[in-house]
Undergrad: 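I have a structure I would like to understand better, so I am pasting it below and will then ask my questions one at a time.
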There are 2 protein chains.
Amino acid sequence: MKRPTIADVARRAGVSKGAVSYALNGQPGVSEATRQRILAIAAEIGFSPSSAARALSGATARAIGLILARPARTLGIEPFFMELISGVEAELSARSYALTLQVVADQSAEVAVYRRWWGERRVDGVLVCDLRTDDLRVPVLEELRLPAVVIGGPTGTGSLPSVWSDDAAALVETVEYLHALGHRRIARVAGLPDLLHTAIRTQAFTGVCQRLGLAEAVTVSSDYTGEEGARVTRRLLSSRLRPTAVIYDNDVMAIAGLSVAQEMGLAVPAHLSIVAWDDSPLCRLVHPPLTALGRDIPAYGANAARQLLRLIEGATAEGLETETPQLTPRGSTGPPLDESLTA
Amino acid sequence: MKRPTIADVARRAGVSKGAVSYALNGQPGVSEATRQRILAIAAEIGFSPSSAARALSGATARAIGLILARPARTLGIEPFFMELISGVEAELSARSYALTLQVVADQSAEVAVYRRWWGERRVDGVLVCDLRTDDLRVPVLEELRLPAVVIGGPTGTGSLPSVWSDDAAALVETVEYLHALGHRRIARVAGLPDLLHTAIRTQAFTGVCQRLGLAEAVTVSSDYTGEEGARVTRRLLSSRLRPTAVIYDNDVMAIAGLSVAQEMGLAVPAHLSIVAWDDSPLCRLVHPPLTALGRDIPAYGANAARQLLRLIEGATAEGLETETPQLTPRGSTGPPLDESLTA
DNA sequence: CTGAAAGCGCTTACAG
DNA sequence: CTGAAAGCGCTTACAG
C-alpha cells in the first residue's frame, strides 16, 4: 500500500525524476511523446505528487484559508456562509486548490491563526469575511504580506483588494420603494453594529430617509439571531407610533419579525410590511413569502476566490464590484392601511 | 520578511537543528533549561514549523478532510453542516489540526478527491457524511487505508468506525407520543431515500405504526428543500383521509409544511400536528413554534473528530453511540380535533 | 544530553 | 531534449 512517488514513475518510464516533474507540470523540457508516456504511466499507477514535497520545494501550498469568527450557533443559521463556501469551492476545485477552514471565537484568535498559517506556509492566501469598522486583521495581513482578498468593503480594506456589492444603493432603492407604497414610518433592524457593512447600510438608510423627509426613521441594533430579532420587533411594534414597514439585516430576523407581527395580531402586509436582506429559500417558505434583497452568494464567493488566486499568481488584483443586491417584491410588502398610518 | 526557520532558532539558541526539533515536539533529548530557552526564542522570533516540511519528514499532515456532496443550494439551508463543522473545529483547533473542506457534485467526485488527497498526503484522515444504503465510498476508503470515521450508521459502515445516534428509537418515541395524544393518521415526509438514515427511520416508522395498529401510516419521499416539503404536504393534506400529524425529516420542510397548512386554512395543532427532525433556532422562530427532535450537533461533530484523531494516532477506534435525539414538545403538536379524526 | 547527517519527495537551475 | 544534483525545512536514527 506504499503510495507511488515521482521516482516510481521515472523508473517505469525510463526517465529522470526531473523529466517527470516537467511532464506533470506542463513545463518545457520534455518531448510531447515522452510527456504523454509519462502522464499515462502516472495515471496508471495512481500517482499524485505529494502536496508537502511540492510546497517545500518553493512551489505553493495550493490551499487557501478561510476563517469564520462567529459563535457556533449563529453560524449554522446563516445560509450565507455555506453558500459562500460552495461558490469558493467551485472556483478552487477547478484548479485543485484546497480550502482550509477554521472557526474561531474572535478576531484576536483569527489573527493568531493567520500568523500561524503563514509561519507554517499552510496556505497561499486567505479570504477575509465580516470586515469591521476598525479592523484588527487588515494591518496584520498587510504586515505579513499574506495574500488576502476582503469579502466586503469597499472602504476600510487598507491596501487589500476587496470584492464588494453596493449595499448603500440597494438600501436606498428599498426605502424609495416603501416610500412609493405610502410608508412614512420605516424602521430598520440592523445586524452587529461593529460590522462595516452594517455601518454602511445604516448611513445609507439615514441619508435616504432624511432626503425623503421621513423624520421617524429609526435603526435598532441586533445580532442576527431570531431571538434578538423578535425582541426588537416586539419593542418596535409596541411603540405609540409604530412603524408600518421594517427592513431586517438578515432573513432569520425577518422571519422572527413576521412571527411577532402575527402573534401581536398585525396583518402582513396590511399593518406591517417586511423586507429581508439576503434572500434565501427561507424567505419563500413562510406565509406570506418575504420581499427580499438578494444576490447570487455562490457567485460572490467564486469571484472572491478568483481574485485571490490571481493575487497568489502574482497579478495585482484591485477591488471588484459585484452586482448590487436586487429587490424581489413578494407578499410581505404592500401599501399600509390608512388606520395604520395614524395609529 | 523572510519567515524564520528552525535553523534561525538553532543559531540564536546556539544549538543544533535537531535540538530545536526535540524541544518543540516535547521529545526527550534536551535538558529542561535548554528546552525553555529554545521555546522562548522560537516565540520571540515568531517561528512556527513549516507544515510542508513536517509532513514530508514522515510526520503527519496535521489536517483532516471533510467532503460535502450536496447541491450548493441545499447546503446553505441546512444548519446541520455548519453546526457539525463548528463542533469538528473545536476539537481540531485545540490540537492545531486544520480542516480541509471540499464541496463536490456527487459520490464519484468525492471518491476521486479521496484518492487525490491520499496520494498528495494532504490529509491524515477523513470524516464521512451522508452515508448511503449502498455506499461507494466505504470500500474505497478501506482499500486506500485512509483513516476514516463515518458520521452515521451504525450499519453499512464496513470496517470503518462510526459515530451515530439511535434514530430509530427517537422515531418510535415520537410516534408513541403522537399516538398518546390521540393521533391515528400519521404521515412522515422523509429525506432523500438513498441516504441510510432515511432508510433506518422509515423502517422504524413502519414498524412502530404496525405495532400500534396505525394502518394509514404513510412515508413520502422528499429532498429536504422547502419547495418539495410544501408540494408533498399539499398533496398529503388534500387526500380524503388526510393525516392529523406529520413528521418531517428536517426543519426546513417542517416550516414549509406549516406554511402550507396555514395557507389551506388548517389550524396547527388543532387540525394538524407537526414534528420537525433536527431542532434548530428556526423551529422556535415560527408561529406556533415547532415540536422538534433535537440533539447537540456540534458535540456530535466534536465526537467524530475525536474518534478520527484517535484513529490517526494509531489507536483502534470502534463505533461510538451518542445521545439519542430528544423530543422537545412545543406549540405545533396537540390532540387532534374530533372533526379532524373523521373528516 | 548534543551534533552531524541522512532522508522525506518534490522543483529547478545547471551541464551535457 | 535529458540527467545529475542541490535544495526546500523539517524529523529521527546514529555517534559521540
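Just so you know, these numbers come straight off a predicted model, no measurement behind them. Every chain is numbered from 1 and lettered A, B, ... according to where its sequence line falls, protein lines coming before strand lines.
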Undergrad: Would one find a side-chain N or O of B:T34 under 4.0 angstrom from OP1 or OP2 of C:dT2?
TA: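 Yes.
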Undergrad: Quick one: A:E120 CD to D:dC10 C1', roughly how many Å, whole number?
TA: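 Going from A:E120 (CD) to D:dC10 (C1'), I get 12 Å.
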Undergrad: In the structure I gave you, are the side-chain heavy atoms of B:L99 and B:I64 within less than 4.5 Å of one another anywhere?
TA: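 A side-chain contact exists here, since the closest heavy-atom pair is under 4.5 Å.
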Undergrad: Between D:dT11 and B:S21, is there an OP1 or OP2 to side-chain N/O distance shorter than 4.0 Å?
TA: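 For B:S21, the contact criterion (side-chain N or O under 4.0 Å from OP1 or OP2 of D:dT11) is met.
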Undergrad: Quick check on DNA chain C: between B:V30 and A:S48, whose nearest nucleotide comes earlier from the 5' end?
TA: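 Its nucleotide being nearer the 5' end, the pick is B:V30.
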Undergrad: Using the side chain to side chain contact (heavy atoms under 4.5 Å, CB included) rule, pick out the option among A:T322, A:L84, A:L131, A:N303 that qualifies with A:I151.
TA: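 Filter result, single survivor: A:L84.
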Undergrad: Looking at B:S21 and B:K17, would you say the former's side chain and the latter's main chain have a donor-acceptor pair under 3.5 Å?
TA: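 Flag not set: sc B:S21 to bb B:K17 has no pair under 3.5 Å.
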Undergrad: With the side chain of B:Y22 defined as its heavy atoms from C-beta on, choose the nearest nucleotide among D:dA13, D:dC8, C:dG7.
TA: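 Among the listed nucleotides, the one closest to the side chain of B:Y22 is D:dA13.
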Undergrad: Starting at CD of A:E32 and ending at C1' of D:dT2, how long is that distance when rounded to a whole Å?
TA: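 That distance rounds to 16 Å.
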Undergrad: A:F47 has an atom CZ; how far is it from atom P of C:dG9, in whole Å?
TA: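 The answer, rounded to whole Å, is 10 Å.
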Undergrad: Just the rounded figure in Å: distance from C1' of D:dT11 to CD1 of B:I38.
TA: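 To the nearest whole Å, that distance equals 14 Å.
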Undergrad: Is any side-chain N or O of B:Q27 closer than 4.0 Å to OP1 or OP2 of D:dT11?
TA: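 It does not, given that no N or O in the side chain of B:Q27 lies less than 4.0 Å from OP1 or OP2 of D:dT11.
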Undergrad: At under 4.0 Å between heavy atoms, what does A:V15 touch on the DNA or RNA strands: base, sugar-phosphate, or nothing?
TA: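 Counting heavy atoms under 4.0 Å across all strands, the contact made by A:V15 is with sugar-phosphate only.
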Undergrad: Would you tell me whether B:Q107 and B:D130 have side-chain atoms, one donor and one acceptor, within less than 3.5 Å of each other?
TA: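 No, no side-chain donor-acceptor pair sits under 3.5 Å.
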Undergrad: Answer yes or no for A:R137 and A:Y114: cation-pi contact, defined as NZ/CZ to six-membered ring centre under 6.0 Å and angle to ring axis within 45°.
TA: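 Not flagged: A:R137 not positioned over aromatic ring of A:Y114.
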Undergrad: Under a 4.0 Å threshold between the charged nitrogen and the carboxylate oxygen, would B:R295 count as salt-bridged to B:E323?
TA: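 Looking at B:R295 together with B:E323, the answer is no, because their closest N to O distance does not fall below 4.0 Å.
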Undergrad: Expressed as a whole number of angstroms, how long is the span from A:L56:CG to C:dT11:P?
TA: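 Between P of C:dT11 and CG of A:L56: 11 Å.
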Undergrad: Is the shortest distance from a Lys or Arg side-chain nitrogen in A:R35 or A:E32 to a carboxylate oxygen in the other one below 4.0 Å?
TA: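 Yes, this pair counts.
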Undergrad: Take A:K17 and A:P28, find for each the nucleotide of DNA chain D with the closest heavy atom, and name the residue whose nucleotide sits nearer the 5' end.
TA: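 Its nucleotide being nearer the 5' end, the pick is A:P28.
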Undergrad: Given atom CZ of B:R11 and atom C1' of C:dG3, what is their separation to the nearest angstrom?
TA: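 Checked: the CZ to C1' distance equals 16 Å.
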Undergrad: Counting Watson-Crick and G-U wobble pairs whose two distances are both under 3.5 Å, find the runs of 3 or more in a row that involve DNA chain C.
TA: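 C:1-3 with D:14-16, C:5-12 with D:5-12, C:14-16 with D:1-3 - these are the stems of 3 or more pairs that involve DNA chain C.
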Undergrad: Select base, sugar-phosphate, or nothing to describe what B:S16 touches, counting heavy atoms under 4.0 Å on all strands.
TA: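 If one applies the 4.0 Å heavy-atom cut-off, B:S16 turns out to touch a base.
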Undergrad: Please state how far atom CZ in A:R121 lies from atom C1' in D:dC10, giving the value in whole angstrom units.
TA: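 A:R121 atom CZ is separated from D:dC10 atom C1' by 11 Å.
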Undergrad: Would you say A:R54 places a side-chain N or O within less than 4.0 Å of OP1 or OP2 belonging to C:dG9?
TA: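 For C:dG9, OP1/OP2 do not have a side-chain N/O of A:R54 under 4.0 Å.
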Undergrad: Rounded to the nearest Å, what distance is computed from the CD1 atom of residue B:I6 to the C1' atom of nucleotide D:dC10?
TA: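 These atoms are roughly 6 Å apart.
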